[in-house]
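Taking it in order: structure first as structure tokens, then the write-up.
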Amino acid sequence: MIDLVGRVGRWVLERFKEVLQVSVLMVDTVVWLVVAPLTGKGFRWRSSIRNFVEFGVRSLPIVGMISFLIGVIIALQASYTLDQWGANRYIADLVAVSALRELAPLMTAILIAGRCGSAITAEIGTMKVNEEIDALEVMGVNPIKYLVAPKFLAMVTAVPAVTALAMLIMIFGGWASAVFVVGVETEIYVTQTIGAIVEKDLLTGMIKSLFFGIAICWVGVYRGFQVEGGAEGVGRQTTASVVTAIFLIIIVDLIFTVLFYYV
Amino acid sequence: MEPIIVVEDLQVAYGDKVVLDGINLSVEPGEVFVILGGSGSGKTTLLRNLVGLMRPQAGRILIDGRDFTSMSAAERMDIRRTMGMCFQGSALLGSLSVADNVALPLREHTKLEESTIDIMTRIKLELVGLGGFEDYLPSELSGGMRKRAGIARAMAMDPKVIFYDEPSAGLDPIVAAGLDELIRTMQSTFNLTSVVVTHEMESVRIIADRVCVLHQGRVAGIGSLDELERSDHQYIQQFFARRPDDPGTADADYARSLTNID
């Protein structure tokens, strides 16, 4: 029993330590992102743009393809039930609302976490193993400023941008399925979609995606800095990075879904 | 002349295990000061403390008269601009070309024109014999060339002190001799203070002005090579004579390190 209490206590302390370390990382990032450029310490815009291309533009093909397919699937699944009531026109409503409020932000975040969050961990982890982070510190170059702040800005802009496109593509996928498989007319589909979408749906999805981006970046960076012990450590933290990021994405999703349910 | 580095009663521990205990030493301006010792003697830990990558549990490190151990992070960043360090694995940023690696501190800490930085980078690379390799990635260079590029990067800001962590490790004798010569050239040309961590006696004989021998986290002796060769300290004699441990003693030491029982 005492052993169990001891283990639980150690686990809780470890988690507290992690929260503290992530909080320090968050504060440092915000300082180097917002305060430092205002005080003349500069910001690595080029690096941020390169990262935006990597996280956003290069994620588009896979996110686009998955979004299209999910749009097709939702429309067909919706038709399975709605067809019994002769209400296939409402496929458009269902696809639009679920794409904007939930599925496009969630799928985009999960794909970017798998593709880029893990890459951030691997990059920073490898740099740590190769003493490159130490080299930056010895040169008087702050690793948060040099590595993290540009990635953070890129991620929090790339995820919402890709999400917006994923929303459109998912609706397009739903249209393709509804029109060519179920037999809904394009005009009806478009009218229903426009009628179904309200400003709050778009806002909900975009706010979620912004926080998903924050979660992906911080988890990726934190796990990267946690790497110990060579290539094996990099592999371990990279896997942990994806799992933690997806878990956090779901938690953030839940929080905002509950919040927007009441607001 | 005032010492450029002073270490006073330095104590460093990893958890309960004391790695450095009561280290006192000073480094004079313009000398090549070698920290020598066997594996696990604490020499790399001492170096990491000297460059501020670790904070000691007790004691002080004065760099140019300023207490490096009690400084704020911003002050430490400032003083680091007057230092250069060559890492054992060179630690060049793999995503940047050799020239960009050397130019990095200049771009981060100065407001120089890009054309000036370009010229300064070429000068530093020529200095270490890497002229013409500006556009190569670190992965395209040999081990010795990577170390030279590391020296060029460490020299970029014209530091007062340069630290070398095992400069000859993993290199063939000819390349290692070339690096030793380069360290000496840097010292004689720029009157550069150099602190070198190594366990290679051949290198020490070529480069060292003074040597500090570490043994089990303590200073076993400090002095010129001649002075240390005459030392009656048992470990120093054994180290310089390249004599193996008595098997019984080595086994007992190994058991002690595993069990922590004296």
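Computed from heavy atoms alone, side chains included, the values below leave out hydrogens, waters and symmetry copies. Letters A, B, ... are given to chains in the order of the sequence lines, protein chains preceding strands, and every chain is numbered from 1.
Within 6.0 Å of the CZ atom in A/Arg15, the count of heavy atoms belonging to other residues, nucleotides or ligands exceeds 12. In the displayed structure, B/Lys160 atom NZ is contacted under 6.0 Å by at most 12 heavy atoms of other residues, nucleotides or ligands. By the neighbour-count criterion of 12 heavy atoms within 6.0 Å, atom CZ of A/Phe43 is densely surrounded, having more than that number from other residues, nucleotides or ligands. When the shell of 6.0 Å around CZ of A/Phe16 is examined, it contains 12 or fewer heavy atoms from other residues, nucleotides or ligands.
Heavy atoms of A/Asn130 lying under 4.5 Å from chain B belong exclusively to its backbone. With a threshold of 4.5 angstrom between heavy atoms, A/Leu136 approaches chain B through side-chain atoms but not through N, CA, C or O. Contact annotation for B/Leu53: only side-chain heavy atoms (C-beta onward) come within less than 4.5 Å of a heavy atom of chain A. Neither the backbone nor the side chain of B/Leu106 comes within contact range of chain A; no heavy atom of the residue lies under 4.5 Å from a heavy atom of that chain. Using a 4.5 Å cut-off between heavy atoms, B/Ile79 does not touch chain A at all. Using a 4.5 Å cut-off between heavy atoms, A/Met127 touches chain B through its side chain atoms alone. Only the side chain of B/Arg48 comes within contact range of chain A, with heavy atoms under 4.5 Å apart.
Between chain B and the residues A/Val141, A/Asn142, A/Val138, the most heavy-atom pairs under 4.5 angstrom are made by A/Val138.
Interface with chain B: from residues 204-233 of chain A, no residue qualifies, criterion being any non-hydrogen pair under 4.5 Å.
Proximity of B/Met157 to A/Met139: side-chain heavy atoms (C-beta onward) are nowhere separated by under 4.5 Å.
Under the salt bridge (Lys or Arg N to Asp or Glu O under 4.0 Å) criterion, B/Glu134 pairs with B/Arg122, sequence neighbours left out.
Atom CD of A/Glu137 sits about 11.5 Å away from atom CE of B/Met85, to the nearest 0.5 Å.
Pairing each heavy atom of B/Ala91 with each of A/Glu132, the nearest pair is O-CG, 3.9 Å.
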